Amino acid sequence: MVDPKLIREAPQLIEKSINNKNVDPVIVEKWLKADKKRSLSIVALGELRYERNQLTEKFKKNKPTSKQAKDAKNLREKIQKLEKKLKELENEWNELLLLIPNPSKNDVPVGKDDKANVELKREGTPPKFDFEPKNYLELGRMHDLIDIESASKMSGPRFGILKNDAALLELALVNYAISFLVKKGFKPVIPPTLIKKEMEKGLGYADQGGWKDMYVLDEDNLVLVATAEHSLVSMNSGRVFENKELPERFVGYSSCFRRESGSYGKDTGGIFRVHQFDKVEMVSFCKPEDSEKEHEFLISLEEELMMSLGLHYRLMILSTGDSSAPSAKTVDTETWMPSENKFRETHSCSNCTDFQSRRLNIKFKNKNNSLEYVHVLNGTAFAIGRMIIMILENFQQKDGRIKIPQPLISWMGKEYIESFTRK
RNA sequence: GGAAGGGUGGCCGAGUGGUCAAAGGCGACGGUUUGCUAAACCGUUGUUCAGCAAUGAACGCACGGGUUCGAAUCCCGUCCCUUCCGCCA
């Protein structure tokens with residue numbers, strides 16, 4: 001959530017920034033009204049409680065007469081009534097506050113949607129083929145790597161099965177990314193992928209109708225996470241980091257579940273956009289003054305991984321309108337996809353500042369030993385399905401074999417994907 | 001699943017209905033002293049609300065209810081932790 005003090009101090013600024021995120025700024029005005037009501041109610045309740053405290057102070061020495069006790073009882077009822085009222089007001093106050101998205105940082109381009117995203121840089125060059133390159137589904141069929149038909153039979157549309165060398169390639173990518181990040185000081189985590197609904201709410205994606213994008217198990221009060229970020233952040237809810245523990249970095253490997261409710265007709269038929277995929281994800285907790293540097297650090301790791309594979313990619317800074325509610329700044333990596341002759345999103349790295357830590361109560365002890373909210377960041381190491389697509393398409397050979405990128409060879413135990421035969 | 005014991009401030013820890021304004025200690029911050037560091041001493045050190053401020057008030061003992069004129073303390077529910085037993089890949 002946004003710091004209430006900031007909204008009181010500069011409501012026009014917040015209104016502007018949430019308007020940039022395509023959210024109706026009228027909630028700011030609504031919240032300010034609720035805030036006023038709340039504070040009036042707190043004052044009134046304080047007065048009544050003061051009255052009661054004065055009374056009971058007297059009763060310490062002399063037991064109350066029955067009339068005095070009756071009056072005090074009346075006072076108690078008045079207090080209880082007002083407490084109930086205040087509780088309602090606070091709920092409303094809080095619900096409105098939760099609807100206000102994290103304002104974007106100043107260097108984020110203002111715009112309505114992804115058309116306003118800005119390219120920051122580009123690395124590498126697209127591969128040149130002296131033959132007619134195939135798309136990943138054709139290559140997958142050739143080597144029996146991806147089975148959409150069986151997945152569709154057993155689970156429905158937008159599912160895929162990774163088989164044979166694709167399954168091994170997943171494990172190679174996972175092992176490579178995790179061992180790389182562990183060397184950089186990340187703590188490896190295999191988290192639960194079912195988390196409590198209130199945790200999911202705390203992450204800040206569910207407001208503005210986000211529940212419809214998730215698989216919600218109402219009977220159990222659980223949600224299937226859309227990314228390990230949700231697990232890794234909520235795992236640390238309520239935590240107080242020691243000053244010297246920061247930055248604390250985690251790398252998680254998990255399945256990710258998405259209903260893709262708003263993407264009918266987009267990327268159908270393959271594994272580019274599926275309801276379930278696996279991902280290696282970075283999450284970082286740091287001091288507020290370090291978060292911009294930390295964001296750059298996470299992006300640099302994404303780049304290092306991509307460069308080491310030899311993939312052609314570009315970095316895009318997302319416009320205000322294309323950024324998620326918790327994010328103050330998001331930089332996506334888009335990787336060159338030969339069959340579409342364009343860049344497609346494979347990574348996303350966000351600085352969520354104190355938006356999530358306020359909601360999930362994640363703090364640290366600053367140098368004065370008092371508690372302050374940490375900044376929370378997340379970034380993709382590898383979204384496996386999409387990486388497999390990119391590797392297949394970019395490193396295909398004339399004879400149909402797929403050349404495995406150098407860093408993955410030892411994990412794969414082979415240099416080429418060719419037709420899989422049981423030994 | 002069964003049994004027992006626990007959850008108090010940044011941390012440790014006392015407290016079984018009003019004397020709690022939550023003792024005492026540690027840590028941190030500010031000050032005095034000091035050639036420097038340390039020590040010693042004094043002060044500050046939870047949240048919210050009103051106020052320009054001095055300040056005042058309320059809240060705060062895992063969370064949510066309840067009893068009472070009055071609850072950290074009594075009662076009910078929930079969560080979590082520890083130990084022991086049982087079951088299990």
Side-chain angles (χ1 to χ4, degrees), chain A residues 1-11 31-98 190-202 217-223 231 233-246 248 285-289 354 357-375:
Chain A
M1 71 178 71
V2 179
D3 188 348
K5 279 194 208 112
L6 285 178
I7 311 175
R8 289 189 196 112
E9 278 165 19
W31 181 83
L32 284 171
K33 264 188 203 149
D35 189 47
K36 190 74 202 160
K37 272 203 231 163
R38 171 178 173 266
S39 88
L40 286 175
S41 174
I42 287 172
V43 170
L45 185 58
E47 280 166 5
L48 285 181
R49 281 167 167 166
Y50 178 65
E51 208 179 307
R52 181 193 60 192
N53 293 349
Q54 294 296 311
L55 264 174
T56 61
E57 190 65 21
K58 278 193 245 161
F59 298 155
K60 265 197 244 179
K61 294 191 193 94
N62 311 305
K63 291 284 165 226
T65 64
S66 62
K67 177 168 187 317
Q68 282 172 323
K70 204 174 155 199
D71 288 346
K73 217 174 198 166
N74 282 337
L75 188 55
R76 182 176 75 205
E77 274 159 22
K78 258 164 99 179
I79 289 172
Q80 283 173 338
K81 233 178 170 169
L82 198 52
E83 278 172 345
K84 217 174 186 173
K85 172 108 180 292
L86 177 61
K87 193 151 209 187
E88 281 165 24
L89 289 172
E90 293 216 293
N91 282 343
E92 192 195 335
W93 181 90
N94 198 250
E95 285 302 316
L96 284 167
L97 188 57
L98 292 179
I190 310 283
T193 46
L194 281 166
I195 64 172
K196 291 180 190 167
K197 280 180 79 179
E198 51 270 31
M199 287 294 161
E200 186 56 53
K201 195 171 167 60
L217 287 77
D218 275 319
E219 255 181 76
D220 304 283
N221 193 39
L222 293 167
V223 191
S231 305
V233 175
S234 53
M235 177 177 100
N236 287 287
S237 68
R239 178 160 175 192
V240 177
F241 288 98
E242 294 295 329
N243 195 342
K244 60 175 185 290
E245 279 180 299
L246 298 178
E248 176 82 301
F285 301 88
C286 72
K287 293 175 207 169
E289 64 267 28
D354 59 353
S357 59
R358 281 179 184 280
R359 293 168 154 243
L360 289 168
N361 190 29
I362 310 175
K363 300 183 174 180
F364 76 105
K365 268 186 242 173
N366 65 20
K367 58 180 186 299
N368 297 332
N369 235 0
S370 59
L371 299 183
E372 223 180 300
Y373 291 107
V374 298
H375 277 196

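Note that the structure is predicted; figures quoted are calculated from it, not measured.
With both ends at atom P, the span from B/rA62 to B/rG56 equals 29 Å, rounded to whole Å. Only the P atoms considered, B/rC61 is 8 Å distant from B/rU73, to the nearest whole Å. Between the C1' atoms of B/rA23 and B/rU8, the separation comes to 12 Å (whole Å). For B/rA22 and B/rA72, the P atoms lie 11 Å apart once the distance is rounded to whole Å. Distance noted for atom P between B/rU67 and B/rC75: 15 Å (whole Å). B/rG5 and B/rG43 are spaced 41 Å apart, taking the C1' atom of each and rounding to whole Å. Nucleotides B/rC42 and B/rU47 place their P atoms 25 Å apart, quoted to the nearest Å. Here, B/rC12 and B/rC85 have their P atoms 28 Å apart, quoted to the whole Å.
In this structure, A/Ile195 and A/Leu222 have side chains that are not in contact, with every pair of non-hydrogen atoms separated by 4.5 Å or more. Two residues are said to be in side-chain contact when any heavy atoms from C-beta on lie closer than 4.5 Å; A/Val374 and A/Arg239 fail this criterion. Counting only heavy atoms from C-beta outward, the side chains of A/Phe241 and A/Cys286 never approach each other to under 4.5 Å. Between A/Lys196 and A/Val223 the shortest side-chain heavy-atom distance does not fall below 4.5 Å. Counting heavy atoms from C-beta on, the side chains of A/Asp354 and A/Pro288 never come closer than 4.5 Å. Side-chain contact between A/Lys287 and A/Asn243 is present, with heavy atoms from C-beta onward closer than 4.5 Å. In this structure, A/Phe364 and A/Glu245 have side chains that are not in contact, with every pair of non-hydrogen atoms separated by 4.5 Å or more.
Here B/rU67 presents its P atom at 10 Å from CD of A/Glu77, a figure rounded to the nearest Å. One atom, NZ of A/Lys70, and another, C1' of B/rC69, lie 14 Å apart when rounded to the nearest Å. Between the P atom of B/rU68 and the CG atom of A/Asn53 lies a distance of 18 Å, rounded to the nearest Å. What separates CG of A/Leu82 from C1' of B/rU48 is a distance of 15 Å, to the nearest Å. What separates CG of A/Leu40 from P of B/rG51 is a distance of 9 Å, to the nearest Å. The CG-P distance, from A/Asn74 to B/rU68, rounds to 13 Å in whole Å. Straight-line distance from the CZ atom of A/Phe364 to the P atom of B/rA28: 17 Å, rounded to whole Å. The interatomic distance linking A/Glu83 (CD) with B/rA71 (P) rounds to 10 Å, in whole Å.
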For nucleotides 17-23 of chain B, tabulate all protein N/O to nucleotide N/O atom pairs closer than 3.5 Å, reporting atom names and distance.
| residue | atom | partner | partner atom | Å |
| --- | --- | --- | --- | --- |
| B/rG18 | O6 | A/Lys63 | NZ | 2.8 |
| B/rG18 | N2 | A/Thr56 | O | 3.1 |
| B/rU19 | OP1 | A/Lys60 | NZ | 3.3 |

Please write out the pairs of protein N or O atoms and N or O atoms of nucleotides 75-78 of chain B separated by less than 3.5 Å, giving the distance to one decimal.
none

N/O contacts under 3.5 Å, protein versus nucleotides 7-12 of chain B?
| residue | atom | partner | partner atom | Å |
| --- | --- | --- | --- | --- |
| B/rG10 | O2' | A/Lys365 | NZ | 2.4 |

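Closest heavy-atom contact between A/Pro192 and A/Ser231: O-OG, 2.7 Å. A/Gly238 and A/Ile362 make their closest contact through N-CG1, 4.2 Å (heavy atoms, listed as atom of the first residue, atom of the second, distance). Minimum heavy-atom separation, A/Arg358 to A/Pro4: NH1-CD, 4.4 Å. When all heavy atoms are compared, the tightest approach of A/Phe285 to A/Val233 is CZ-CA, 4.0 Å.
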Apply salt bridge (charged side-chain N to carboxylate O under 4.0 Å, His left out) to residues A/Glu198 and A/Arg359 and explain how you reach the verdict. CA-CA 10 Å; A/Glu198 51 270 31; A/Arg359 293 168 154 243; over 6 Å; no

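Here A/Arg38 lies in heavy-atom contact (under 4.0 Å) with sugar-phosphate atoms only. Among the protein residues, A/Asp71 comes within range of no part of the nucleic acid, since none of its heavy atoms lies under 4.0 Å from any strand. At a threshold of 4.0 angstrom between heavy atoms, the contacts of A/Arg8 are confined to the sugar-phosphate backbone, with no base atom among them.
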Acceptor/donor pairs from residues 78-93 of chain A side chains to any protein atom, 3.5 angstrom cut, sequence neighbours excluded:
| residue | atom | partner | partner atom | Å |
| --- | --- | --- | --- | --- |
| A/Glu83 | OE2 | A/Arg49 | NH2 | 2.8 |
| A/Glu90 | OE2 | A/Arg38 | NE | 2.7 |
| A/Glu90 | OE2 | A/Arg38 | NH2 | 3.4 |
| A/Trp93 | NE1 | A/Asp35 | OD1 | 2.8 |

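Within the 4.0 Å cut-off from OP1 or OP2 of B/rU48, not a single side-chain nitrogen or oxygen of A/Ser39 is found. Listed pair A/Arg76 / B/rU68 meets the phosphate criterion, a side-chain N or O lying under 4.0 Å from OP1 or OP2.
The side chain of A/Lys87 lies closest to B/rG65 when the candidates are B/rG65, B/rA58, B/rC69. Proximity note for A/Val43 (side chain, C-beta onward) versus B/rA50, B/rC69, B/rA58: the nearest is B/rA50. Proximity note for A/Gln80 (side chain, C-beta onward) versus B/rC49, B/rU67, B/rC59: the nearest is B/rU67.
Within the model, atoms NZ of A/Lys365 and NZ of A/Lys244 stand 8.5 Å from one another, a figure rounded to the nearest 0.5 Å.
Nearest-nucleotide assignment on RNA chain B puts the 5′-proximal partner with A/Trp93, out of A/Ala72 and A/Trp93. Of the two residues near RNA chain B, A/Ala69 and A/Arg49, the one whose nearest nucleotide lies more 5' is A/Arg49.
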Paired and unpaired positions of RNA chain B as dot-bracket, Watson-Crick or G-U wobble under 3.5 Å, | denoting a partner strand: ((((((((.[[[..)..(.....]]]((((((.......))))))(((((....)))))..[[[[[..)....]]]]])))))))....

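The ring-ring contact (aromatic ring centres under 6.0 Å, His included) search around A/Tyr373 returns none, not counting sequence neighbours.
The environment of NZ in A/Lys363 is crowded: more than 12 heavy-atom neighbours from other residues, nucleotides or ligands sit within 6.0 Å.
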